[in-house]
Peer 1: 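Quick one: the structure is below, questions incoming.
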Amino acid sequence: MIRSRVWVAALLAMALVAAACGGDDPEPAAAPTTAAATTATTAAMAEETTTTAAMAEETTTTAAAEVTTTTQLTGTELAGGEGSCAPESEAAPPRGVDPVDGMTIVRAISGDVSTIDPRRNFEARASEMVANMYDQLTTFHLVPNADGVLVADSTRPQGLLAEGWDFNEDCTSVIFTLRQGVKFHHTGNEMTADDVRWSFLRAAYLDAGGWFDHAVIGLYDFGSESDIEAAITVIDDYHIRFDFNKPTPFPLHVLSNAGVTVYDSEVLMAHATDDDPWAHEYLKTNDVGTGPFYLEKLEPGVEIVLKRNDDYFLGPAQAEQIILRVIPDAAQQAALLTAGEIDFAEAVPVTAIPDLRDQGVKVTTVGGNNQAVMYMNPTRAPFDDQNVRQAISYAYPYDDVLEGVYFGAASRGGGPIPSTTPSYDPDAPFYSQDLDHAREHLAASGYPDGFSADLYIDGTLAFAPELAIVVQASLAQIGIDVNIVRLDSGQFRDNVFAQDEDGNRINPMDFFLFYFGSGSWVNEPQYHMELFWEPNAFAMRSNYENPEVTERLNAAKFLSPADPARAELYHEVQALMLADAPAVWLAEPHHIVASSQDVLGFIWRPDQINRYYYVTKSV
């Protein structure tokens with residue numbers, strides 16, 4: 001074990017040197033172009049749905065018995081106990097801090113943002129901007145933990161733009177009462193129910209098929225986005241009704257997600273065109289929200305400046321401006337933080353954390369439900385061979401990476417449901433590194449002599465290059481030659497979410513690390529699996545499908561979160577998917593926040609997004 005950790009640490013050092021030197025090709029690689037992926041499950045996957053012999057030795061194989069679909073529960077039943085869809089109405093209270101003119105909080109970021117359109121950005125730093133410039137209908141009560149971190153209590157939703165709600169008896173309809181006097185940043189227009197409805201229509205129609213966060217709570221089904229017209233009804237300026245086609249345990253949770261925003265509809269309608277009816281081009285570089293900050297400056301490659309909204313309806317933030325300064329080099333970010341020239345760093349080398357703490361830097365690590373996942377497309381060779389996928393799964397050094405790459409700032413996890421999510425099965429048949437088993441599976445595959453493959457990563461994300469080098473070295477030991485292809489955030493995002501003109505998914509990457517976004521913003525198994533692993537799931541771009549898994553996921557939707565049978569179905573799903581091995585679940589990275597000692601008010605939510613409204617700084 002010690003020898004393995006030394007080996008992984010050496011690989012990490014190689015990665016840092018490569019990053020510092022830039023290698024032979026400092027520019028990100030061009031996005032690949034290949035034929036569209038087929039969506040059918042391969043015959044190899046259909047035939048191989050049981051665990052391998054080695055895995056069966058560790059745990060009992062899940063039986064391939066038929067799953068009985070129960071009667072759909074009513075919302076009244078779903079609302080009983082944990083997971084209530086209709087908790088008592090409660091409005092978020094005013095912040096109550098004194099604004100300080102001239103106070104600036106500087107955060108180093110590792111790269112640019114390609115768009116700040118809340119509905120179209122899938123990048124961590126762009127989502128951070130959105131969460132600070134826009135508001136949602138709901139939020140969560142915050143509870144300080146022992147380390148002073150404000151933790152969102154997901155059992156206690158609060159009204160944000162809505163000050164209250166009233167669900168019907170079966171939780172298929174809710175009337176929101178909106179706050180009065182909420183103003184949009186740049187125009188001073190008052191937010192009304194018309195803005196809310198227009199914003200939800202924009203989110204539904206912007207992409208063919210609609211949006212996951214709408215469909216998962218039953219505003220419409222995928223492909224039926226026009227149903228949004230009848231699902232949301234304006235009652236008057238300050239009351240709006242949402243009608244759902246099914247009850248779920250988490251509508252208020254979903255409506256708190258950073259991207260589920262309300263826009264100044266008057267401004268966006270004025271910037272709409274025949275070719276761009278929802279003003280996406282305008283929103284790439286402009287904001288039209290109600291949040292505690294607004295966009296003052298966006299200078300690519302240099303910095304982004306957010307200015308305090310002094311008329312914010314919960315009271316102004318303390319800091320007058322937030323500067324997000326582009327500093328690609330993680331070591332430079334650490335040096336600037338130590339020197340007191342910045343207040344936050346987006347990416348500091350984990351190897352530097354002990355020294356940073358010794359030099360007075362505050363480093364907070366919070367374990368959550370984020371996952372680092374390496375996807376394999378099981379519909380295209382060589383990853384259509386289950387033995388290949390299992391060989392790769394056995395080759396990866398899971399435990400050693402926790403110390404050798406993350407230096408303790410990550411958890412093991414290891415399966416499709418994060419370890420902090422309800423219904424996670426700690427006794428699932430997880431993989432551990434076993435090179436002998438890996439070679440056996442490769443020998444039994446259609447590629448006994450190995451093969452070459454490109455591994456695509458977003459090279460701007462922390463840990464992605466280091467993990468890729470570990471994967472490369474690990475697979476080399478069993479005869480698989482991995483070429484690492486570094487893309488920038490925009491290229492990577494465009495590939496992952498690529499569609500043809502008919503809305504078919506055409507992600508050209510068959511083997512890729514999907515880092516940010518592999519943890520659900522709603523920490524609930526139904527939401528997580530619908531987001532990542534159901535057929536045609538919004539964020540699942542590897543074309544995995546197993547009818548036995550789908551059957552169990554559908555059956556679980558009809559059970560209350562308090563029903564043990566629901567957890568058992570999710571346990572069976574985890575075992576089946578680990579046998580199928582459509583991905584390697586590399587680790588569950590902790591959220592790392594490095595800041596000066598003067599900064600307080602760090603908030604943790606499952607989306608792991610900094611919200612500067614709660615940040616204070618000693619003066």
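Just so it is clear, the structure is predicted and the values come from calculations on it, not from any experiment.
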Peer 1: Quick check: does any side chain N or O of Asp385 sit under 3.5 Å from a backbone N or O of Gly446, one acting as donor and the other as acceptor?
Peer 2: yes
Peer 1: Under the criterion side chain to side chain contact (heavy atoms under 4.5 Å, CB included), I'd like the reasoning laid out for His528 against Gln371: C-alpha separation, chi angles, the key distance, then a yes or no.
Peer 2: CA-CA 11 Å; His528 180 82; Gln371 295 178 299; 3.5 Å; yes
Peer 1: Under a 4.5 Å cut-off applied to non-hydrogen side-chain atoms, are Ser520 and Phe532 in contact?
Peer 2: yes
Peer 1: Are side-chain heavy atoms of Ile304 and Met129 found at a separation under 4.5 Å?
Peer 2: yes
Peer 1: Using every non-hydrogen atom in the two residues, find where Pro448 and Ala443 come nearest and quote the distance to one decimal.
Peer 2: CB-O, 3.8 Å
Peer 1: Should His591 and Asn370 count as side-chain neighbours, where that means a heavy-atom distance under 4.5 Å?
Peer 2: no
Peer 1: Name the orientation class of the two ring planes belonging to Tyr527 and Phe250 (parallel below 30°, tilted from 30 to 60°, perpendicular beyond 60°).
Peer 2: perpendicular
Peer 1: Just how far is it from atom CZ of Arg611 to atom CD1 of Ile603, taken to the nearest 0.5 Å?
Peer 2: 6.0 Å
Peer 1: With no hydrogens and no angle check, is any side-chain donor or acceptor of Gln433 less than 3.5 Å from a backbone partner on Ala395?
Peer 2: yes
Peer 1: Indicate the atoms forming the closest heavy-atom contact of Phe344 with Val599, along with that distance.
Peer 2: CZ-CG1, 3.3 Å
Peer 1: How long is the gap from CG on Asp510 to CG on Asn377, to the nearest 0.5 Å?
Peer 2: 4.5 Å
Peer 1: Does the side chain of Gln526 pick up a donor-acceptor pair with the side chain of Ser423 at under 3.5 Å?
Peer 2: no
Peer 1: Backbone N or O of Pro465 within a donor-acceptor pair of the Arg486 side chain at under 3.5 Å?
Peer 2: no
Peer 1: Would you call the rings of Tyr406 and Phe463 parallel, tilted or perpendicular, where under 30° means parallel and over 60° means perpendicular?
Peer 2: tilted
Peer 1: For the residue pair His437 and His441, categorise the inter-ring angle as parallel (less than 30°), tilted (30 to 60°) or perpendicular (more than 60°).
Peer 2: perpendicular
Peer 1: Could you state the interatomic distance from CG (Asp494) to OG (Ser489), rounded to the nearest 0.5 Å?
Peer 2: 10.5 Å
Peer 1: Looking only at heavy atoms, what is the nearest atom pair of Leu142 and Ala152, with distance?
Peer 2: CD2-CA, 3.8 Å
Peer 1: With a 3.5 Å distance limit and no angle check, can you tell me whether Gln333 reaches the backbone of Val348 through a side-chain donor-acceptor pair?
Peer 2: no
Peer 1: Does any part of the side chain of Tyr398, heavy atoms only, come nearer than 4.5 Å to the side chain of Val584, both counted from C-beta?
Peer 2: yes
Peer 1: Which distance, rounded to the nearest 0.5 Å, do you find between the CD1 of Ile392 and the CD1 of Ile480?
Peer 2: 4.5 Å
Peer 1: For residues Thr421 and Glu524, report the shortest heavy-atom separation together with the two atoms involved.
Peer 2: CG2-C, 3.9 Å
Peer 1: Has Asn132 got a side-chain atom pairing as donor or acceptor with Glu128's backbone, closer than 3.5 angstrom?
Peer 2: yes
Peer 1: Looking only at non-hydrogen atoms, find the nearest pair between Ala453 and Phe511 and report the distance.
Peer 2: CB-CD2, 4.2 Å
Peer 1: Can a side-chain donor-acceptor contact be found between Asn483 and Asp454 if the only test is distance below 3.5 angstrom?
Peer 2: yes
Peer 1: Would you mind reporting whether Glu341 and Val106 have side-chain heavy atoms less than 4.5 Å apart?
Peer 2: no
Peer 1: Check side chain to side chain contact (heavy atoms under 4.5 Å, CB included) between Asp425 and all other residues, then give those that pass, not counting sequence neighbours.
Peer 2: Asp427, Ala428, His571, Gln574
Peer 1: Check the pair His253 / Ser154 against side chain to side chain contact (heavy atoms under 4.5 Å, CB included), numbers first and verdict last.
Peer 2: CA-CA 7 Å; His253 300 71; Ser154 61; 4.2 Å; yes
Peer 1: Donor-acceptor pair, Glu588 side chain versus Ser419 backbone, under 3.5 Å?
Peer 2: yes
Peer 1: Under 3.5 Å, is there a donor-acceptor pair between the side chain of Arg325 and the main chain of Ala108?
Peer 2: no
Peer 1: Any luck finding a side-chain donor-acceptor pair between Ser595 and Asp343 under 3.5 Å?
Peer 2: no
Peer 1: Of all the heavy-atom pairs spanning Ala579 and Gln386, show the shortest one and how long it is.
Peer 2: O-NE2, 2.7 Å
Peer 1: Does the pair Arg412 and Asp399 meet the rule for a salt bridge (charged side-chain N to carboxylate O under 4.0 Å, His left out), with working shown?
Peer 2: CA-CA 7 Å; Arg412 174 65 164 83; Asp399 294 321; 3.1 Å; yes
Peer 1: Classify the side-chain pair Thr420/Asn369 by whether it contains a donor and acceptor separated by less than 3.5 Å.
Peer 2: no
Peer 1: Taking the side chain as every heavy atom from C-beta outward, state whether Pro328 and Val326 have any atom pair closer than 4.5 Å.
Peer 2: yes
Peer 1: One pair to check against side chain to side chain contact (heavy atoms under 4.5 Å, CB included): Tyr396 and Tyr431. What are the steps and the verdict?
Peer 2: CA-CA 9 Å; Tyr396 181 74; Tyr431 290 91; over 6 Å; no
Peer 1: Under the rule for side chain to side chain contact (heavy atoms under 4.5 Å, CB included), what residues qualify as partners of Thr115, not counting sequence neighbours?
Peer 2: Asp117, Asn121, His280, Lys284, Arg493
Peer 1: Under the ring pair (Phe, Tyr, Trp, His ring centres under 6.0 Å) rule, collect the residues that match up with Trp533, sequence neighbours excluded.
Peer 2: Tyr375, Tyr544, Trp585
Peer 1: Using 0.5 Å steps for rounding, measure from the CG atom of Asn145 to the CH2 atom of Trp604.
Peer 2: 11.0 Å
Peer 1: With rounding to the nearest 0.5 Å, note down the distance linking CG in Leu531 to CG in Asp213.
Peer 2: 8.0 Å
Peer 1: Does the side chain of Ser445 come within less than 4.5 Å of Phe451's, by heavy atoms?
Peer 2: no
Peer 1: Determine yes or no for a side-chain-to-main-chain donor-acceptor pair under 3.5 angstrom, with Glu545 supplying the side chain and Pro535 the backbone.
Peer 2: no
Peer 1: Would you check if the side chain of Asp488 reaches a backbone N or O of Gly490 as a donor-acceptor pair within less than 3.5 Å?
Peer 2: yes
Peer 1: List the steps, then state whether side chain to side chain contact (heavy atoms under 4.5 Å, CB included) holds for Val573 with Leu553.
Peer 2: CA-CA 7 Å; Val573 163; Leu553 292 178; 3.9 Å; yes
Peer 1: Just by modelled atom types, is the Gln477 backbone N or O under 3.5 Å from a matching donor or acceptor in the Arg439 side chain?
Peer 2: yes
Peer 1: Compare all side-chain heavy atoms of Thr460 with those of Arg125 and state whether any distance is below 4.5 angstrom.
Peer 2: yes
